[in-house]
Protein chains: 2
Amino acid sequence: MAALTTTSYAILGWLSVRPWTTYELAQQLRRNLRFFWPRVESRIYQETKHLVTEGVAKGERSYVGRRGHTIYSITPKGRRALAVWMRQQNDRPLLEFEGLVKVFFGASATPEQLLAAIQSAKVLADEIQAAGVIVAREYLEGRSAWPDRAPLSGLIFDFLWNHAENLRRWAESSQQEVATWPTSSADKKTERAFQVFRTAIEQDEKRSRG
Amino acid sequence: MAALTTTSYAILGWLSVRPWTTYELAQQLRRNLRFFWPRVESRIYQETKHLVTEGVAKGERSYVGRRGHTIYSITPKGRRALAVWMRQQNDRPLLEFEGLVKVFFGASATPEQLLAAIQSAKVLADEIQAAGVIVAREYLEGRSAWPDRAPLSGLIFDFLWNHAENLRRWAESSQQEVATWPTSSADKKTERAFQVFRTAIEQDEKRSRG
DNA sequence: GCACGATACTCTATGTTGGAGTATATCTAG
DNA sequence: CTAGATATACTCCAACATAGAGTATCGTGC
């Protein structure tokens with residue numbers, strides 16, 4: 001019997017609110033968690049079944065015409081499992097950033113290719129913020145489906161929005177720098193990097209003193 | 001024949017510099033890419049073999065006493081593959097953040113549990129910046145193994161350092177907020193969230209106007 | 001000479017992706 | 001009214017990936 005994963009609890013969390021079909025569950029996970037817990041649809045279909053074998057959810061089969069669907073709901077054991085999870089150690093946030101890998105091996109790339117690699121950060125930033133603006137307006141204009149969730153949503157929003165801001169800021173400033181490289185000198189390029197290093201160390205020292 | 005993945009190219013990138021043993025490769029990947037392309041050691045051992053079957057690397061077996069080791073080097077086909085990769089589309093950065101999932105379902109958690117979930121961001125921020133300070137000093141004091149890499153390292157450093165700054169800023173401000181919740185009101189908590197939403201929308205509007 | 005850390009791997013269960021494949025139900029435009 | 005598009009509701013598979021355990025040998029410091 002495999003233990004439950006964060007993906008299991010992400011589904012269980014939704015089931016703790018009300019019963020859902022897997023399709024709806026996949027939709028909610030996609031809409032709400034995609035930027036910090038992305039999982040493909042087929043994984044959700046697998047995992048709902050797993051939740052049932054673990055006894056933390058139960059599925060009820062019904063039909064609309066000849067097409068069946070399963071509505072899942074949480075069991076008392078599921079609620080207890082969710083509470084136990086909340087008490088457990090948290091994994092550190094995990095980042096995978098192919099564009100940065102290309103920058104790392106940028107000696108084998110052209111400046112144009114570096115520009116494109118960096119661009120992938122901006123694309124994500126735009127996506128996050130486009131979604132964010134919609135959510136923010138829904139809350140502010142009282143059109144949100146769960147207005148009570150505003151305080152929690154605010155925390156998540158704060159993280160994601162500023163994550164996006166960092167992605168964008170970095171992308172723009174890095175693209176600007178790389179654009180100068182074809183006509184720049186090694187010294188100039190190195191000096192820019194040293195500037196970055198110095199700023200960071202100053203920040204760090206200020207923090208350890210303060 | 002499975003296509004090469006970013007992990008393949010991450011290894012190939014190292015091999016484009018000089019030949020390495022898998023142990024050294026795993027070490028370099030860990031030291032240099034762990035914050036934006038983390039892969040377990042056993043994966044590297046698997047993948048070096050795969051690179052050989054794909055013809056992009058070759059392995060030379062030798063012995064120190066009775067213990068063997070394999071030194072991998074890149075082939076001409078490997079260099080071409082690396083160049084092709086550089087031209088290809090980039091995946092968007094990917095984030096997995098269990099702590100945020102717990103915050104999302106925070107209705108089922110205690111404030112202390114939320115505090116702990118948020119803390120996981122700070123732990124990573126400290127890790128990134130502790131590693132960053134060492135690297136920055138190495139470059140600034142001329143003790144770096146590859147001083148020529150400074151311009152590229154500067155770009156990567158800039159992203160990671162500020163990613164860490166955002167993690168820390170968010171963690172501290174969110175923990176401060178959550179700490180008030182046991183004695184706060186729903187209105188106050190919602191107002192804080194609305195403040196976050198409004199700031200974001202203003203930022204967004206300023207950007208689209210400017 | 002021995003303990004311990006570094007080097008050099010292998011193995012396995014399970015999680016996960018991404019894409020293809022297969023239906024049926026419902027909505028929308030003509 | 002009907003055809004085509006879109007939404008709903010799944011299944012299947014190869015390959016990537018993790019985490020942790022397991023197994024050796026080599027080199028260094030005491």
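Letters A, B, ... mirror the listed sequences (proteins, then strands); counts begin at 1.
With A/Ser174 contributing its side chain and A/Ala171 its backbone, the two residues share no donor-acceptor pair below 3.5 Å. With hydrogens and angles disregarded, a donor-acceptor distance shorter than 3.5 Å links the side chain of A/Thr75 to the backbone of A/Val56. A distance-only check finds a donor-acceptor pair linking the side chain of A/Ser16 to the backbone of A/Gly13 [under 3.5 Å].
A/Gln27 has a side-chain polar atom (N or O) that falls below the 4.0 Å cut-off from OP1 or OP2 of D/dT8. Contact check, B/His69 against C/dA8: a side-chain N or O comes under 4.0 Å of OP1 or OP2. Taking only side-chain nitrogens and oxygens, B/Thr22 never comes nearer than 4.0 Å to OP1 or OP2 of C/dT7. Contact annotation: A/Thr21 does not reach the phosphate of D/dT8 (side-chain N/O to OP1 or OP2, under 4.0 Å). Contact annotation: A/Arg43 side-chain N/O to C/dT16 OP1/OP2 distance is under 4.0 Å. Using a 4.0 Å cut-off, some side-chain N or O of B/Lys49 falls inside it from OP1 or OP2 of C/dT10.
Comparing A/Thr5 and B/Glu24 by the nucleotide of DNA chain C whose heavy atom lies nearest to each, the residue mapping closer to the 5' end is B/Glu24. Nearest-nucleotide positions on DNA chain D place A/Thr70 closer to the 5' end than the other of A/Gln46 and A/Thr70.
In this structure B/Gln119 satisfies the side-chain hydrogen bond (donor to acceptor under 3.5 Å, both in side chains) test together with B/Gln175, sequence neighbours excluded.
Within the structure, salt bridge (charged side-chain N to carboxylate O under 4.0 Å, His left out) pairs that include any residue of residues 139-150 of chain A comprise A/Glu141-A/Arg143 (at least two apart or interchain). Counting only residues at least two apart or on different chains, the ring-ring contact (aromatic ring centres under 6.0 Å, His included) pairs with a member in residues 86-109 of chain B are A/Trp14-B/Phe104, A/Trp14-B/Phe105, A/Phe159-B/Phe97, B/Phe97-B/Trp170.
Between the C1' atom of C/dG15 and the CD1 atom of A/Ile44 lies a distance of 12 Å, rounded to the nearest Å. Here C/dA20 presents its P atom at 14 Å from CD of A/Glu41, a figure rounded to the nearest Å. The nearest whole Å value for the distance from the CD atom in B/Glu47 to the P atom in D/dT18 is 11 Å. Between the CZ atom of A/Arg39 and the C1' atom of D/dT18 there is a distance of 12 Å, given to the nearest Å. Atom CG of B/Leu4 is separated from atom C1' of D/dA15 by 13 Å (rounded to the nearest Å). Rounded to whole Å, atom C1' of C/dT7 lies 14 Å from atom CD of B/Gln28. The nearest whole Å value for the distance from the CH2 atom in B/Trp20 to the P atom in C/dA8 is 13 Å. In this entry the distance linking CD of B/Glu60 with P of C/dA8 reads 15 Å, nearest Å.
A salt bridge does not link A/Arg169 to A/Glu165: none of the charged nitrogens lies less than 4.0 Å from a carboxylate oxygen. Contact check on B/Asp204 versus B/Arg209 returns no salt bridge, with no Lys/Arg side-chain nitrogen under 4.0 Å from an Asp/Glu carboxylate oxygen. With respect to the salt-bridge test (charged N to carboxylate O, under 4.0 angstrom), the residues A/Glu205 and B/Arg137 qualify. The pair A/Arg198-A/Glu202 does not count as a salt bridge, with every side-chain nitrogen at least 4.0 angstrom from each carboxylate oxygen. In summary, A/Glu54 and A/Lys49 do not engage in a salt bridge, as defined by a charged side-chain N under 4.0 Å from a carboxylate O.
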Legend entry - Under 4.0 Å protein heavy-atom contacts per nucleotide of nucleotides 22-28 of chain C, with B for base, S for backbone only and - for none: --BSS--
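Remark: the B/Ser144 side chain and the B/Glu138 side chain contain no N/O donor-acceptor pair separated by less than 3.5 Å.
In the helix from C/dG1-D/dC30 to C/dG30-D/dC1, the rotation axis of the first five pairs and that of the last five pairs differ in direction by 30°, rounded to 10 degrees.
Figure legend: B/Arg87 and B/Trp85 shown without cation-pi pairing, the cationic atom not lying both under 6.0 angstrom from the six-membered ring centre and within 45 degrees of its axis.
At a non-hydrogen distance threshold of 4.0 Å, nothing from residues 79-102 of chain A comes into contact with DNA chain D.
The side chain of A/Thr7 lies closest to C/dT16 when the candidates are C/dT16, C/dG19, C/dA8. Each of C/dT16, C/dA8, D/dT18 was ranked by its minimum atom distance to the side chain of B/Tyr23; first place goes to C/dA8. Each of C/dC9, C/dG18, C/dT7 was ranked by its minimum atom distance to the side chain of A/Ser42; first place goes to C/dG18.
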